Structure formats: C-alpha cells, structure tokens
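Since the structure is predicted, the reported quantities are computational estimates derived from the model, not experimental observations. Throughout, residue positions are numbered sequentially from 1 according to the sequence presented.
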Amino acid sequence: MPGAQARPSETIRVGDKGRIVVPPKYRKLHKLSKGSEVLLVQLGETLMVVPSDVTLFRLCERIQDALAGRGVSVSQALKNLGKVRRRRFQRLYGQG
C-alpha cells in the first residue's frame, strides 16, 4: 500500500504452538495462501511479518546502498530507529 501511514492496524494472538493467523483481509490484500512464505523482519524492537518477495530483497539492497551513500551504516540507522519512531509517533498521534 504505497503512501500508507505505518500504524498498528489489528491485534492478533500467538497460539499454543507459537503460530499466528493472518486475518483474511490481509491474506487477500497480500495474495497469501496456504504455503505462502513470509519473512520475519526485526528492526530494532519491532518485529514485522512481510510477504516473501524478490521486490523486498531489492528494496533492502537499495536502502542499504542509500544509507552507505550518505555514510550511514545499517547498524547506525538501527541504533537511531527508536528515537525516529518515537518522534514520528508523536507527530502522528500527539504527546500522549
């Protein structure tokens, strides 16, 4: 969803065997079906479930290249992620 704001959109629970169920609307939106692969991506303290896709791999490479072009390592970017996330949250939702 290009241009969409990142925000929590739905809460799901982890089952007895550590499984999570992707709600139907997201399975349909991201064309996920039985056997589809997803990636677990850890960014700082955030864990994202992302459909496995060559496009994502290319995007990650482009992000790394863009950071390197500005003299910023991935570890430096991740170190600042919490501070950036808090500022973004405050701009979107206020200080509360």
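The shortest side-chain heavy-atom distance between S52 and V38 does not fall under the 4.5 Å cut-off. No side-chain heavy atom of R88 sits less than 4.5 Å from a side-chain heavy atom of R85. Side-chain contact between R19 and V14 is absent, with no heavy atoms from C-beta onward closer than 4.5 Å.
For the salt bridge (charged side-chain N to carboxylate O under 4.0 Å, His left out) test, residues two or more places apart in sequence or in another chain that qualify with K25 are E10.
Remark: K83 NZ to L81 CG distance equals 11.0 Å, nearest 0.5 Å. Atom SG of C60 is separated from atom CD of Q64 by 7.0 Å, given to the nearest 0.5 angstrom.
Cluster membership for V41 and L67, using ILVMFWY side-chain heavy atoms within less than 4.5 angstrom, is shared. Residues L29 and V21 do not share a hydrophobic cluster, clusters being chains of Ile/Leu/Val/Met/Phe/Trp/Tyr side chains in contact below 4.5 Å. Under the 4.5 Å side-chain heavy-atom criterion for Ile, Leu, Val, Met, Phe, Trp and Tyr, F89 and V84 are members of distinct hydrophobic clusters.
Atom CD of E45 has 12 or fewer heavy atoms from other residues, nucleotides or ligands within 6.0 Å.
Using a 30° and 60° split on the angle between ring planes, H30 and Y26 fall in the parallel class, below 30°.
A distance-only check finds no donor-acceptor pair linking the side chain of R27 to the backbone of L32 [under 3.5 Å]. No side-chain donor-acceptor contact under 3.5 Å links Q90 to the backbone of R87. Here the side chain of Q42 pairs a donor or acceptor atom with the backbone of G44 at under 3.5 angstrom.
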CA sep, side-chain torsions, deciding dist, call: M48, L40, side-chain contact (heavy atoms from CB on, under 4.5 Å): CA-CA 6 Å; M48 298 186 305; L40 294 178; over 6 Å; no
